[in-house]
Every structure is written in structure tokens, then in C-alpha cells.
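For this chain, numbers begin at 1 and follow the sequence in order. Keep in mind that the numbers below use all heavy atoms, side chains included, and drop hydrogens, waters and symmetry copies.
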Amino acid sequence: MSRLRRLPDPDHLPALDPAYLSAAPAAGLGPGEPPPRVLLLYGSLRERSFSRLCVEEAARLLRRMGCETRIFDPSDLPLTDQVAGDDHPAVHELREHAMWSEAMVWCSPERHGQISGIMKLQIDHLPLNIGGLRPTQGRTLAVMQVSGGSQSFNAVNTLRLLGRWMRMITIPNQSSVAKAFMEFDDNDRMKPSAYYDRIVDVMEELVRFTVLTRPHAAQLVDRYSERKAAGVPLDPSTDLSAVAGRR
């Protein structure tokens with residue numbers, strides 16, 4: 001059983017004016033191959049979930065920019081510690097997709113001034129370390145939120161805090177869609193608006209930061225404390241900082 005959602009009409013972007021979109025926003029910043037791999041998470045189980053609809057719009061844009069995308073469906077994800085050792089197929093699959101990704105998009109509804117429980121649950125199931133592998137460290141992250149009322153930034157601020165805790169590279173731009181129920185048509189597609197344009201901006205920036213940091217991912221997350229704990233001393237002949245210090 002796959003918990004990846006099928007993306008409806010993946011190549012149809014009615015709110016986008018293609019004349020202004022950069023199809024290769026990261027050109028010249030780093031290696032464009034293989035295509036950037038992006039995992040998208042949303043934070044509501046409602047049948048008409050606006051956080052999911054925003055994630056779907058983001059996924060279509062990322063595909064247009066040459067990325068591979070996966071949208072995880074959290075509908076049967078258990079509570080943390082509900083299953084001994086978190087040994088549940090949904091947990092295993094979420095972690096597999098996290099390991100596959102090199103970038104993520106998190107979109108949560110704002111509820112009582114905070115992210116939703118479903119959003120936090122998915123992040124809680126992503127440990128910093130799985131058998132020596134790190135499913136989030138060094139990955140780029142874009143954060144978004146939807147609100148039922150006026151525009152707010154409580155949820156994206158919390159997502160930023162969580163991204164920092166998960167040792168991710170959270171991009172500067174973000175999206176907050178106010179009165180989200182007014183921003184989608186009867187076909188569940190986002191209407192042209194400044195909110196949609198901001199999502200385009202955020203996805204362009206995510207692609208740029210992902211490609212820009214790709215050649216340096218290992219060095220950016222290389223830590224003294226982890227080398228010490230693993231008993232792996234630096235080799236002065238290959239340590240770039242040591243070479244620079246002798247100049």
C-alpha cells in the first residue's frame with residue numbers, strides 16, 4: 001500500500017502566467033541533475049483540506065520547474081509511541097520518503113494560533129537519526145500555512161522553529177494564505193491572486209536553495225560533536241578549513 005497521494009491534473013496550472021515563470025530557476029547555481037527530489041507534507045485530514053490543496057499547487061509548480069515530487073497522505077499515521085517502537089507501515093513509509101528527499105515543503109492550517117496536530121505528528125515521526133542516517137539534516141525546507149480568517153504567521157513561525165530543530169535549511173521566503181476557503185474554485189484549484197503568486201515565489205526559491213546547497217550538503221552539516229562521538233578524527237590533508245588556515 002502506497003501512502004503517496006495522486007496529484008490531480010499535474011500539468012494544468014490555470015492561475016499561472018507562464019510568461020513570467022522561470023522553468024529552470026536554479027540554472028547556473030549548481031548541478032541540475034538528478035532532478036531535485038521534494039517531499040510535501042500537509043496538516044489536515046478534512047475531505048477538502050486547504051493545506052493539501054496548497055501543497056498540490058506547490059507540487060505542480062515544482063514539477064514544472066523540473067523537480068520530482070511526492071505528497072504523503074498521513075491519514076493512517078498512528079500517534080507517537082502508540083505502536084511499540086513506532087513499528088507501523090505508515091511510519092516506515094514516511095521515513096522512507098524523507099530519506100528519499102533532498103527538500104521538503106510543510107504546509108499547515110493554523111488552529112488556535114498554532115500548527116495542527118497532524119502536522120506536528122508527521123514531524124514527530126521523523127527522528128534526527130535512524131541507524132546513522134539522518135532523514136532531515138541538511139535538507140532545504142519551505143514553510144506555508146493556510147488560515148480561515150485574516151492573515152497570520154503563527155504556523156509558519158512554528159514550522160521555522162521545527163525546521164531549525166530538525167537541522168534543516170529553511171529558505172527565507174514563506175507563504176501564508178488568508179481566508180483560504182475563498183481562494184479556491186469549485187474544481188479545488190487556486191484562483192489567480194497575490195497569494196498564489198507568493199507560492200510560486202516560494203517554490204522558485206526552494207529550487208534555487210536546493211540546487212545551490214546540493215554540492216555542499218555533506219560539508220554544511222559536518223559537526224565536531226558528531227565526529228567526536230563517532231571517533232572519526234579529521235584528516236588534515238582533506239579538511240578544507242585546515243588548508244585555509246595555513247594560508
State, to 0.1 Å, how close V177 and C54 come at their nearest heavy-atom pair, and which atoms those are.
-> CG2-SG, 4.1 Å

Would you check if the side chain of S176 reaches a backbone N or O of Q151 as a donor-acceptor pair within less than 3.5 Å?
-> no

Reported CD-to-CG distance for the pair E57 and L53, which is rounded to 0.5 angstrom | 7.5 Å

Got a salt bridge between R208 and E205, using NZ or NE/NH1/NH2 to carboxylate O under 4.0 Å?
-> no

Hey, any chance L94 and I71 share a hydrophobic cluster, counting ILVMFWY side chains that come within less than 4.5 Å of each other, even indirectly?
-> no

Return all side-chain donor-acceptor pairs below 3.5 angstrom for residues 158-165, not counting sequence neighbours, or 'none' if the list is empty.
| from | atom 1 | to | atom 2 | distance (Å) |
| --- | --- | --- | --- | --- |
| T158 | OG1 | Q114 | OE1 | 2.8 |
| T158 | OG1 | Q114 | NE2 | 2.9 |
| T158 | OG1 | N154 | O | 3.3 |
| R160 | NE | Q174 | OE1 | 2.8 |
| R160 | NH1 | I171 | O | 3.1 |
| R160 | NH2 | I171 | O | 2.9 |
| R160 | NH2 | P172 | O | 2.7 |
| R160 | NH2 | N173 | O | 3.3 |
| R160 | NH2 | Q174 | OE1 | 3.3 |

With the side chain counted from C-beta on, respond yes when S193 and E183 share a heavy-atom pair under 4.5 Å apart, and no when they do not.
-> yes

Using a 4.5 Å cut-off on heavy atoms from C-beta on, say whether the side chain of V91 contacts that of P78.
-> yes

Taking only Lys NZ, Arg NE, NH1 and NH2, and the carboxylate oxygens of Asp or Glu, determine whether D86 and R95 approach each other closer than 4.0 Å.
-> yes

Should V211 and P36 count as side-chain neighbours, where that means a heavy-atom distance under 4.5 Å?
-> yes

Give a yes or no answer on whether the side chain of Q122 reaches the backbone of Y42 with a donor-acceptor pair at less than 3.5 Å.
-> yes

Which pairs count as salt bridge (Lys or Arg N to Asp or Glu O under 4.0 Å) when at least one residue sits in residues 107-120, sequence neighbours excluded?
-> K120-D124

Quick one: does R214's side chain have a donor or acceptor within less than 3.5 Å of a partner on P31's backbone?
-> yes

Which atom names give the shortest non-hydrogen contact between T69 and A59, and what distance separates them?
-> CG2-O, 3.9 Å

Closest non-hydrogen atom pair between S75 and L45, with its separation = CA-CD2, 3.7 Å

Would you indicate whether the side-chain heavy atoms of L220 and I169 approach each other to under 4.5 Å?
-> yes

If every non-hydrogen atom of P35 is compared with every non-hydrogen atom of G66, which pair is closest and at what distance?
-> CB-O, 3.1 Å

Salt bridge (charged side-chain N to carboxylate O under 4.0 Å, His left out) involving R139 - partner list, sequence neighbours excluded = none

Where do S51 and G43 come nearest, in terms of heavy atoms and distance?
-> OG-N, 3.3 Å

Taking the side chain from S116 and the backbone from M119, do they hold a donor-acceptor pair closer than 3.5 Å?
-> yes

Interatomic distance, CG@L13 vs CG@L21, rounded to 0.5 Å, equals 8.5 Å

E226 bridged to R134 by N-O distance under 4.0 Å = yes

Report yes or no: do M104 and L62 belong to one cluster of Ile/Leu/Val/Met/Phe/Trp/Tyr joined by side chain heavy-atom distances under 4.5 Å?
-> no

Test item: side-chain donor near acceptor, T140 and T210, under 3.5 Å = yes

Report yes if some heavy atom in the side chain of L40 is under 4.5 Å from a heavy atom in the side chain of C107; otherwise report no.
-> no

May I ask you to check whether H97 and E93 show a side-chain donor-acceptor distance below 3.5 Å?
-> yes

Verdict with supporting geometry, V221 and R167, side chain to side chain contact (heavy atoms under 4.5 Å, CB included) = CA-CA 8 Å; V221 298; R167 301 174 181 174; over 6 Å; no

Student check: side-chain heavy atoms of L7 and R60 closer than 4.5 Å = yes

For Y196, enumerate each residue passing the ring pair (Phe, Tyr, Trp, His ring centres under 6.0 Å) test, keeping only those at least two apart in sequence or located in another chain.
-> none

Could you pull out all residues at least two apart from P14 that satisfy side chain to side chain contact (heavy atoms under 4.5 Å, CB included)?
-> H12, R189

Which pairs with one or both residues in residues 17-29 pass side chain to side chain donor-acceptor pair (under 3.5 Å), sequence neighbours excluded?
-> none

Any chance CE of M182 has more than 12 other-residue heavy atoms, nucleotides or ligands included, within less than 6.0 Å?
-> no

Looking only at atom types and distance, does a side-chain atom of S147 sit under 3.5 Å from a main-chain N or O of G149, one as donor and one as acceptor?
-> no

Evaluate the side-chain proximity of L206 to L141: yes if any heavy-atom separation is below 4.5 Å, no if none is.
-> no

Same cluster (ILVMFWY, side-chain, under 4.5 Å), M144 and M65 = yes

Under the 3.5 angstrom rule, does the side chain of S108 hit a backbone N or O of Q145 as a donor-acceptor pair?
-> no

Listed by chain and number, what are the salt bridge (charged side-chain N to carboxylate O under 4.0 Å, His left out) partners of D11, not counting sequence neighbours?
-> R63

Selection residues 46-80 - residue pairs positive for ring pair (Phe, Tyr, Trp, His ring centres under 6.0 Å), sequence neighbours left out = F50-F184

If a pair satisfies salt bridge (Lys or Arg N to Asp or Glu O under 4.0 Å) and one of its residues is in residues 33-50, list it, with sequence neighbours excluded.
-> R37-E102, R48-D188

Assess the side chains of D76 and H88: does a donor N or O sit below 3.5 Å from an acceptor N or O?
-> no

Following the transitive rule for hydrophobic clusters with a side-chain heavy-atom cut-off under 4.5 Å over Ile, Leu, Val, Met, Phe, Trp and Tyr, establish whether V146 and I118 coincide in one cluster.
-> no

hydrophobic_cluster_shared for M203 and W106, side chain cutoff 4.5 Å | no

Any chance NZ of K179 has more than 12 other-residue heavy atoms, nucleotides or ligands included, within less than 6.0 Å?
-> no

What pairs with F209 under ring pair (Phe, Tyr, Trp, His ring centres under 6.0 Å), at least two apart in sequence or on another chain?
-> none

Would you say R198 and V202 make side-chain contact, with heavy atoms under 4.5 Å?
-> yes

For D197, all residues meeting salt bridge (charged side-chain N to carboxylate O under 4.0 Å, His left out), sequence neighbours excluded | none

Rounding to 0.5 Å, atoms NE2 (H216) and OG1 (T213) come to a distance of 8.0 Å

Residues in salt bridge (charged side-chain N to carboxylate O under 4.0 Å, His left out) contact with R227, at least two apart in sequence or another chain = D222

Taking all heavy atoms of L126 and all of M166, pick out the closest pair and write down the distance.
-> O-CE, 2.7 Å

Pick from I115, T170, V143: which one makes a side-chain contact (heavy atoms from CB on, under 4.5 Å) with V156?
-> V143

Do the side chain of Q82 and the main chain of L79 share a donor and acceptor less than 3.5 angstrom apart?
-> yes

